[in-house]
**Student:** 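First the structure, which I've put down as structure tokens, then a few questions once you've had a look.
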Amino acid sequence: MASDTERRNLPPLKLHVPEPKFRPGDDADFSDIVIPAVGETRRPDIADDHRDMPDLSYGLVRVLDDEGKAAGPWDPKLDPDTLRKILRAMALTRAFDGRMFRAQRQGKTSFYMKCTGEEAVAVAGTFALDRDDMTFPSYRQQGILIARDWSLVDMMNQVYSNKKDRLMGRQLPIMYSTKQGGFFSISGNLATQFPQAVGWAMASAAKGDTRIAATWTGEGSSAEGDFHSACIFASVYRAPVIMNVVNNQWAISSFSGFAGGDETTFAARAVGYGIAGLRVDGNDALAVYAATQWAAERARTNHGPTLIEHFTYRAEGHSTSDDPGQYRSADEAAEWPLGDPIARLKKHLIVIGEWDEERHAKMDEEVATQVKTAQKQAEKNGILGHGLHQPLETMFEQVFEEMPWHLKEQMQDMLDENEAANNVAKTR
Amino acid sequence: MSKARENTGSTTQRNMIQAINSAMDVCMERDDNVCVFGEDVGYYGGVFRATAGLQEKYGKTRSFDTPINECGIIGVAVGMAAYGMRPVPEIQFADYIYPGLDQLVSEAARLRYRSAGEFTAPITIRTPFGGGIFGGQTHSQSPESIFTHVCGVKTVIPSTPYDAKGLLIAAIEDPDPVVFFEPKRIYNGPFDGHYDTPVLPWSKHPASDVPDGHYVIPLGKANVLREGSAVTMLCYGTMVHVTAAAVEELGIDAEVIDLRTLLPLDMEAIEASVEKTGRCIIVHEATRTSGFGAELSALVQERCFYHLEAPIQRVTGYDTPYPHSLEWAYFPGPVRLRLAIERVMEDVSGNL
């Protein structure tokens with residue numbers, strides 16, 4: 001309208017604010033979630049053009065059906081030994097989480113985060129990667145380290161911030177980092193690892209290496225600008241990277257609708273960026289394995305990046321700091337239509353005659369003992385706040401490779417202060 | 001516009017969170033342009049519960065959750081303000097504000113100037129800051145001096161429930177962008193710096209007696225918490241309580257000034273005090289180099305040089321990321337304060 005003197009008679013606009021389906025006290029009913037049958041979502045060739053597969057961003061890669069049988073084009077046809085290893089790594093992850101969560105409640109550390117219900121995402125994904133592929137995890141992929149047989153004691157030392165903590169007590173519990181484990185330093189700032197993974201993959205490609213990178217973020221954090229920066233760089237340079245969005249439905253108290261999940265799938269973002277996108281049943285270890293293997297092969301053969309949405313459910317709170325009973329229906333986890341990843345793989349192994357209840361119970365006992373033993377050993381190195389910390393001087397080390405004068409001065413001030421306080425803290 | 005709630009003189013005992021909540025409640029009731037939003041702010045009422053009950057009372061379009069995107073949170077606040085609203089966005093932790101810096105520094109802060117006053121950004125960004133809660137390096141930072149360095153943003157830091165409410169209302173009603181840092185260590189009770197003794201709740205502190213209605217503590221006015229003649233102690237936020245406790249423990253006749261607003265700064269109060277005492281100690285939890293103490297030190301030196309009887313001292317955090325397990329060795333506590341007081345009193349007139 002050219003004139004500013006006339007205004008049309010229009011209905012008032014309305015601001016839409018998303019609302020989750022269920023709140024505390026509601027019965028959860030997920031019957032409206034569309035779950036394609038196993039086999040319905042096709043498996044394109046590794047070398048296919050991403051332009052020819054937008055449908056995969058709206059499908060759901062599945063392998064295990066409700067009866068525990070594996071079927072369809074995505075079945076990775078893993079041997080029973082590998083299946084049992086994946087099952088065990090998931091069970092160990094859950095046992096580790098249970099133990100460390102309790103340790104926080106007992107005042108042995110400040111913070112903990114479980115990945116209950118999402119074990120398949122990190123564990124099965126890691127099994128499909130090569131051991132020397134680089135991972136850029138978020139804070140809920142402890143399963144990567146466990147799948148790579150990393151020392152539980154070493155992980156616990158970090159959780160306890162004790163004198164053997166490889167990160168010198170500097171980081172919040174669970175923010176692991178190990179170059180040897182191919183596990184990039186976890187940041188508390190969200191989605192920052194996404195462009196970093198792309199950069200690592202670009203470097204690997206630029207150097208003619210054969211290793212690829214994989215990264216994970218929650219669906220909530222995929223709202224951060226870093227996610228979009230990663231997508232555009234990954235697309236432009238066809239970086240050999242796997243970008244995983246773990247859609248566990250909840251970002252602390254905000255349901256996935258506040259990350260755009262009401263309007264489209266998270267995998268669908270790949271379409272706009274010109275990246276291959278897959279949407280996967282994240283509670284189906286075999287589907288996660290198959291999708292990751294597909295994406296890894298694609299990346300390794302210079303066919304570029306893949307964005308994988310793992311459709312799963314965060315069965316516990318965000319961390320030890322929140323109470324999910326305050327913001328969501330208590331029976332959501334039990335009602336989740338895609339079940340529990342450990343129970344589903346267990347059922348599959350039983351169905352194919354490679355497992356039974358007795359062996360499962362024995363495995364549960366074994367992983368519980370393994371975790372308990374590791375905890376005893378780690379606690380000998382100290383728990384948070386009971387004197388067995390790293391020497392005070394370590395606070396100033398590794399800010400830079402070489403300590404500038406002002407930090408040397410401040411370090412001396414700190415030591416003088418400690419002396420004035422009757423040497424309350426341990427020094428070198 | 002709904003009917004303004006008058007300050008009837010009634011008060012309620014409130015902790016810092018409840019006082020902050022009450023400030024937003026009062027402003028939302030008086031002015032329907034005021035809205036609050038941020039990560040977990042709406043239904044849950046914020047991870048620290050500062051916005052609890054506001055969605056229930058004012059509806060989803062005035063108190064709502066947002067995507068996890070700080071650039072977006074501050075960016076849409078600028079746009080809503082350009083429309084004529086008065087947004088009060090929350091950044092869940094000050095440590096997470098950096099993705100939103102461009103929208104704040106390049107946009108909100110300069111909008112009035114670059115549009116010759118046609119567009120303005122009367123937004124108040126609330127954000128918890130500071131350590132002492134074993135939050136590690138991503139839940140403990142004190143980045144206030146980044147914001148005082150930006151032209152066009154006001155920076156406010158309360159230290160009590162009473163101040164928090166009055167200052168937050170002033171910030172929300174202010175015509176310019178304000179970053180409102182909330183010292184999360186003292187959300188539930190004042191902290192004297194002795195981490196190994198139990199914290200007293202706010203209910204034991206007179207400043208928890210908070211008026212129910214509308215009142216304002218003007219931005220740019222410091223609070224002389226304790227009058228004294230031996231040394232001027234400049235502090236804000238959590239460190240106000242740590243400083244006051246150290247002064248009492250040492251029995252020194254210090255003048256303790258709670259700055260309350262870093263920008264604009266109450267220079268008059270600072271000058272008057274330093275001219276009287278001739279000594280100055282600046283206390284903040286933030287890292288030392290280019291911290292707000294550097295600015296304060298320069299100002300005191302420029303304006304009070306001939307009154308100074310000893311070099312200005314800074315008591316601060318160290319220039320390292322905030323450590324997790326060594327938190328209490330990092331935190332500028334009672335011992336660091338005592339050593340600084342001893343140093344500043346040694347000069348010329350001698351004894352403590």
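So you know, we letter chains A, B, ... as the sequences are listed, proteins then strands, and number each from 1. Every heavy atom of this structure was used, including side-chain atoms; hydrogens, water molecules and symmetry mates were not.
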**Student:** Is H386(A) atom NE2 crowded by more than 12 heavy atoms from other residues, nucleotides or ligands, each under 6.0 Å away?
**Tutor:**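 At most 12 heavy atoms, drawn from other residues, nucleotides or ligands, come within 6.0 Å of this atom.
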**Student:** Do you know which of D416(A), L172(A), L392(A), V399(A) has the most heavy-atom pairs under 4.5 Å to chain B?
**Tutor:**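 Of the options given, most contacts go to L172(A).
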**Student:** Starting from the C-alpha separation in whole Å, work towards a yes-or-no answer on side chain to side chain contact (heavy atoms under 4.5 Å, CB included) for T66(B) and F258(A).
**Tutor:** CA-CA 6 Å; T66(B) 65; F258(A) 281 104; 5.8 Å; no
**Student:** To the nearest 0.5 Å, tell me how far S254(A) OG sits from I68(B) CD1.
**Tutor:**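 That separation rounds to 6.5 Å.
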**Student:** Above 12 or not: heavy atoms from other molecules or residues under 6.0 Å from CD of Q106(A)?
**Tutor:**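 Yes, enclosed.
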**Student:** Can you tell which of K163(A), H389(A), M168(A) makes a side chain to side chain contact (heavy atoms under 4.5 Å, CB included) with S325(B)?
**Tutor:**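 Testing each of K163(A), H389(A), M168(A) against S325(B), the sole residue satisfying side chain to side chain contact (heavy atoms under 4.5 Å, CB included) is H389(A).
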**Student:** Can you confirm whether the side chains of H324(B) and S161(A) place a donor and an acceptor under 3.5 Å from each other?
**Tutor:**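 Yes, because at least one side-chain N or O of H324(B) sits under 3.5 Å from a partner of the opposite role on S161(A).
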**Student:** Within a reach of under 6.0 Å around NZ of K164(A), are more than 12 heavy atoms found that belong to other residues, nucleotides or ligands?
**Tutor:**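 No, not enclosed.
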**Student:** Please classify the contact between T289(B) and chain A as side chain, backbone, both or neither, with a heavy-atom cut-off of under 4.5 Å.
**Tutor:**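 Only the side chain of T289(B) comes within 4.5 Å of chain A.
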**Student:** Under 4.5 Å heavy-atom distance to chain B, tell me which part of P324(A) shows up: side chain, backbone, both or neither.
**Tutor:**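 P324(A) has no heavy atom closer than 4.5 Å to chain B.
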**Student:** Between CD of Q137(B) and OG of S187(A), what distance do you get to the nearest 0.5 Å?
**Tutor:**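 Output value for this atom pair is 8.0 Å.
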**Student:** Contact part of E327(B) toward chain A, heavy-atom cut-off under 4.5 Å: side chain, backbone, both or neither?
**Tutor:**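 Contact with chain A involves no heavy atom of E327(B) at all.
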**Student:** Which value, rounded to the nearest 0.5 Å, describes the distance between E224(A) atom CD and Y96(B) atom OH?
**Tutor:**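 One gets 10.0 Å once the value is rounded to the nearest 0.5 Å.
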**Student:** What part of P18(A) lies closer than 4.5 angstrom to a heavy atom of chain B: side chain, backbone, both or neither?
**Tutor:**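 It is the backbone, since no side chain atom gets that close.
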**Student:** Can you tell me which portion of Y330(B) sits under 4.5 Å from chain A's heavy atoms? Options are side chain, backbone, both or neither.
**Tutor:**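 Both parts, backbone and side chain.
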**Student:** Relative to chain A, which of C71(B), P334(B), G333(B), P323(B) shows the most heavy atom pairs under 4.5 Å?
**Tutor:**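 Ranked by heavy-atom pairs under 4.5 Å with chain A, first place is P323(B).
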**Student:** Identify the two heavy atoms, one from L326(B) and one from P391(A), that lie closest to each other, and give their separation to 0.1 Å.
**Tutor:**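 Nearest heavy atoms, L326(B) then P391(A): CD1-O, 4.0 Å.
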**Student:** Go through the atoms of H406(A) and report whether side chain, backbone, both or neither lie under 4.5 Å from a heavy atom of chain B.
**Tutor:**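 Just the side chain, heavy atoms under 4.5 Å.
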**Student:** Tell me which of these, M414(A), R170(A), Q410(A), has more heavy-atom pairs under 4.5 Å with chain B than the rest.
**Tutor:**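 Option with the top pair count is Q410(A).
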**Student:** Under 4.5 Å, counting heavy-atom pairs only, tell me which of I133(B), D65(B), V335(B) racks up the most with chain A.
**Tutor:**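 Option with the top pair count is D65(B).
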**Student:** Do any N or O atoms from the side chain of N189(A) and from the backbone of D95(B) form a donor-acceptor pair under 3.5 angstrom?
**Tutor:**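 Indeed, once roles are kept as given, a pair shorter than 3.5 Å links the two residues.
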**Student:** Roughly how far, to the nearest 0.5 Å, is the OG atom of S321(A) from the CZ atom of F48(B)?
**Tutor:**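 If I round to the nearest 0.5 Å, the distance is 8.5 Å.
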**Student:** Parallel, tilted or perpendicular: which fits the ring planes of Y44(B) and Y327(A), with parallel below 30° and perpendicular above 60°?
**Tutor:**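 Judged by the thresholds at 30° and 60°, the geometry between Y44(B) and Y327(A) is perpendicular.
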**Student:** What I'd like to find out is whether the side chain of Q92(B) reaches to under 4.5 Å of the side chain of I252(A), using heavy atoms alone.
**Tutor:**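 Yes. Closest side-chain heavy atoms under 4.5 Å.
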**Student:** R49(B): which residues meet the salt bridge (charged side-chain N to carboxylate O under 4.0 Å, His left out) condition with it, sequence neighbours left out?
**Tutor:**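 Listed in chain order: nothing, the list is empty.
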**Student:** Looking at Q398(A), Q326(A), M411(A), which one has more heavy-atom pairs under 4.5 Å with chain B than the rest?
**Tutor:**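 Option with the greatest count: Q326(A).
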**Student:** Tell me yes or no: between the side chains of D40(B) and S253(A), is some donor less than 3.5 Å from an acceptor?
**Tutor:**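 A pair is found: one side chain offers a donor N or O, the other an acceptor, under 3.5 Å apart.
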**Student:** For each of D319(B), V41(B), T320(B), tally heavy-atom pairs with chain A at distances under 4.5 Å, and name the one with the top tally.
**Tutor:**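 That would be D319(B).
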**Student:** Is it the case that more than 12 heavy atoms not belonging to L10(A) sit under 6.0 Å from its CG atom?
**Tutor:**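 Buried by this count: over 12 neighbours within 6.0 Å.
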**Student:** Roughly how far apart are L190(A) CG and T138(B) OG1, rounded to 0.5 Å?
**Tutor:**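 OG1 of T138(B) is found 9.0 Å from CG of L190(A).
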**Student:** Only heavy atoms, only distances under 4.5 angstrom. Which residues in residues 421-428 of chain A are near chain B?
**Tutor:**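 Only A421(A) of residues 421-428 of chain A have a heavy atom under 4.5 Å from chain B.
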**Student:** Side chain, backbone, both or neither: which part of L339(B) has a non-hydrogen atom closer than 4.5 Å to chain A?
**Tutor:**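 The side chain, not the backbone.
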**Student:** Measure the shortest side-chain to side-chain distance between V47(B) and D322(A) over non-hydrogen atoms and say whether it is less than 4.5 angstrom.
**Tutor:**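 No - every pair of side-chain heavy atoms lies 4.5 Å or more apart.
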**Student:** Measure the spacing between OH of Y322(B) and CE of M395(A) and express it to the nearest 0.5 Å.
**Tutor:**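 So the OH of Y322(B) and the CE of M395(A) are separated by 9.5 Å.
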**Student:** Is the gap between the ring centers of F111(A) and F134(B) under 6.0 Å?
**Tutor:**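 So the answer is no for these two rings.
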**Student:** By a 4.5 Å heavy-atom criterion (distance strictly below it), what part of L15(A) contacts chain B: side chain, backbone, both, or neither?
**Tutor:**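 For L15(A), backbone and side chain are both near chain B.
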**Student:** Looking only at heavy atoms, which two atoms of R338(B) and A420(A) are closest? And how far apart?
**Tutor:**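 Nearest heavy atoms, R338(B) then A420(A): NH2-O, 3.4 Å.
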**Student:** Looking at P321(B), G135(B), G72(B), G136(B), which has the largest count of heavy-atom pairs under 4.5 Å with chain A?
**Tutor:**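 Of P321(B), G135(B), G72(B), G136(B), G135(B) has the most heavy-atom pairs under 4.5 Å with chain A.
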**Student:** Heavy-atom pairs under 4.5 Å with chain B - which of A259(A), G220(A), G385(A) has more of them than the others?
**Tutor:**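 Sorted descending by pairs with chain B, the first entry is G220(A).
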